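Notes follow once the structure below has been shown.
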Protein chains: 2
Amino acid sequence: MATYAKGRERRAEILRVAREVFATRGFRSASLAVIAERAGLSEPGLLHHFPSKDHLLTAVLEERDDSEIERTRRQVEEEHRSRAEALIDLCRRNATRPEMVQLFTVLAAESVDAAHPAHEWFVERYRMIRALLVDGLEQEQREGRLAPDANLEQLAIEIVAMFDGLQLQWLLDRERVDMVAPFERFIARALPGPPPPRR
Amino acid sequence: MATYAKGRERRAEILRVAREVFATRGFRSASLAVIAERAGLSEPGLLHHFPSKDHLLTAVLEERDDSEIERTRRQVEEEHRSRAEALIDLCRRNATRPEMVQLFTVLAAESVDAAHPAHEWFVERYRMIRALLVDGLEQEQREGRLAPDANLEQLAIEIVAMFDGLQLQWLLDRERVDMVAPFERFIARALPGPPPPRR
DNA sequence: GTCTATACCGGGATAGAC
DNA sequence: GTCTATCCCGGTATAGAC
């Protein structure tokens with residue numbers, strides 16, 4: 001029992017460190033030696049918990065905050081916040097977690113290579129996010145806040161693009177680039193606010 | 001003379017291959033062995049032309065198409081095309097050169113790490129591009145096509161973000177994601193067209 | 001200008017003791 | 001569950017011959 005609890009803590013600690021290291025170095029040039037050392041155990045010790053580097057990557061990706069997506073969904077469906085506000089809120093939250101933003105920015109770009117172990121994962125993740133957005137936008141359309149002939153698929157692509165693109169510039173130059181204000185402006189232009197014009 | 005010409009061709013060929021390999025693997029996990037082999041010479045042969053991997057990266061970055069930026073500038077200043085059209089043209093051209101897009105997308109994200117050999121280069125490159133855009137937008141403002149109180153710095157950040165973000169999604173999923181049409185729509189909303197409303 | 005040979009490091013992963 | 005020891009690969013870079 002005590003051993004099991006200890007194992008779980010270890011695992012969690014390894015994942016925490018792996019996130020850090022993958023975020024700074026990307027997956028391929030990250031090393032198990034560094035992760036093991038920072039997690040306070042040996043390399044074979046690490047590989048006892050995650051049998052290979054690929055397994056470790058998978059665990060990091062799987063574990064990681066699709067709780068954020070869930071949170072956003074909840075804000076809209078249960079707390080009745082507008083979709084625009086929920087998106088801006090997500091952006092604002094990301095501005096407080098540069099490490100997580102970096103993890104996904106770096107891994108997503110690295111995974112553009114079809115041979116990357118997370119390639120399929122990212123392709124699917126983006127499809128999923130765009131599909132979620134399209135669903136939300138359809139709802140906006142039904143409620144009269146978007147033109148009936150708006151190209152929702154294209155709009156979803158744009159929203160995701162703005163989100164990612166701002167994150168990259170922000171990561172590279174946090175002193176000069178704010179991502180929240182530009183994203184707010186973009187959303188204000190792309191998604192009309194909560195009062196439905198009705199007619 | 002013949003030797004010199006041969007040397008230049010070699011160099012060019014090495015750079016061409018290095019671009020390819022850096023684009024797929026990023027800088028850090030790219031290997032000189034692969035580059036040398038594809039360029040048809042040995043590893044020390046390669047290092048005769050570029051004394052280290054870092055030198056090779058520098059050469060790839062320096063050589064690379066800021067001729068594109070120059071081209072865009074020329075379109076606006078000499079061929080009198082609108083800034084909106086010139087940006088869209090650049091996007092359209094990139095859609096025909098996925099490898100070059102991938103090179104910059106992958107390296108830019110990898111260089112977010114302050115310890116990356118190209119970190120400063122990318123930070124400066126983005127500052128330069130935003131400054132160029134702000135200059136152009138000021139001109140648009142003076143010509144009455146942008147509101148006098150528009151936040152040009154923010155708008156420049158947004159344009160760059162959309163550009164990069166679309167490229168990432170497009171690289172990951174070219175079959176489903178078109179980057180030109182969304183960029184056109186975005187620019188149409190962000191930058192009013194050539195006819196200056198005058199009043 | 002290009003090669004072979006080599007030095008040397010660091011990578012991921014496994015065997016097997018404790 | 002964690003370790004030491006070890007394997008074997010591949011990395012960058014250099015020395016020195018041709």
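Below, read A as the first sequence line, B as the second, and so on, with proteins coming before strands; counting in each chain starts at 1. Since the model is a prediction, treat every value here as computed from it, not as a measurement. Computed from heavy atoms alone, side chains included, the values below leave out hydrogens, waters and symmetry copies.
- Atom-to-atom, CG of Leu57(A) to C1' of dG12(C) comes out at 15 Å; the value is rounded to the nearest Å.
- Distances shorter than 4.0 Å separate none of the side-chain N or O atoms of Arg11(A) from OP1 or OP2 on dG1(D).
- Here Ser42(B) reaches the OP1 or OP2 of dC3(C): one of its side-chain N or O atoms lies under 4.0 Å away.
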Quiz item: Can you give one letter per nucleotide of nucleotides 10-18 of chain D, going 5' to 3': B for a protein heavy atom under 4.0 Å from the base, S for sugar-phosphate only, - for none?
Solution: -SBBBB---
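- The side-chain hydrogen bond (donor to acceptor under 3.5 Å, both in side chains) contacts involving residues 100-114 of chain A comprise Arg28(A)-Asp113(A), Glu110(A)-His116(A), where partners must be two or more places apart or lie in separate chains.
- With sequence neighbours left out, His55(A) forms a side chain to side chain donor-acceptor pair (under 3.5 Å) with Ser52(A).
- Applying the salt bridge (Lys or Arg N to Asp or Glu O under 4.0 Å) test to residues at least two apart or on different chains, the pairs with a partner in residues 151-174 of chain A are Glu158(A)-Arg185(B), Glu158(A)-Arg189(B), Asp173(A)-Arg127(B), Asp173(A)-Arg130(B).
- When the side-chain contact (heavy atoms from CB on, under 4.5 Å) test is applied to Glu184(B), the partners found at least two apart in sequence or on another chain are Ile88(B), Arg92(B), Val180(B).
- Note: Phe186(A) and Phe186(B) have tilted aromatic rings, judged against thresholds of 30 and 60 degrees for the angle between ring planes.
- Whole-Å rounding puts the Phe50(B) CZ to dG1(C) P distance at 12 Å.
- His49(A) is linked by a ring-ring contact (aromatic ring centres under 6.0 Å, His included) to nothing, counting only residues two or more places apart in sequence or in another chain.
- A straight line from CD of Glu9(A) to P of dG1(D) spans 12 Å, rounded to a whole angstrom.
- Atom CD in Glu13(B) sits about 16 Å away from atom C1' in dT2(C), given to the nearest Å.
- Rotation axes derived from the C1' atoms of the five outermost pairs at either end of the helix from dG1(C)-dC18(D) to dC18(C)-dG1(D) lie 0° apart, to the nearest 10°.
- For Phe122(A), the ring-ring contact (aromatic ring centres under 6.0 Å, His included) criterion is met by no residue, not counting sequence neighbours.
- Annotation: salt bridge (Lys or Arg N to Asp or Glu O under 4.0 Å) contacts involving residues 37-50 of chain B, sequence neighbours excluded, comprise Glu20(B)-Arg38(B).
- Contact annotation: His48(A) side-chain N/O to dT2(D) OP1/OP2 distance is not under 4.0 Å.
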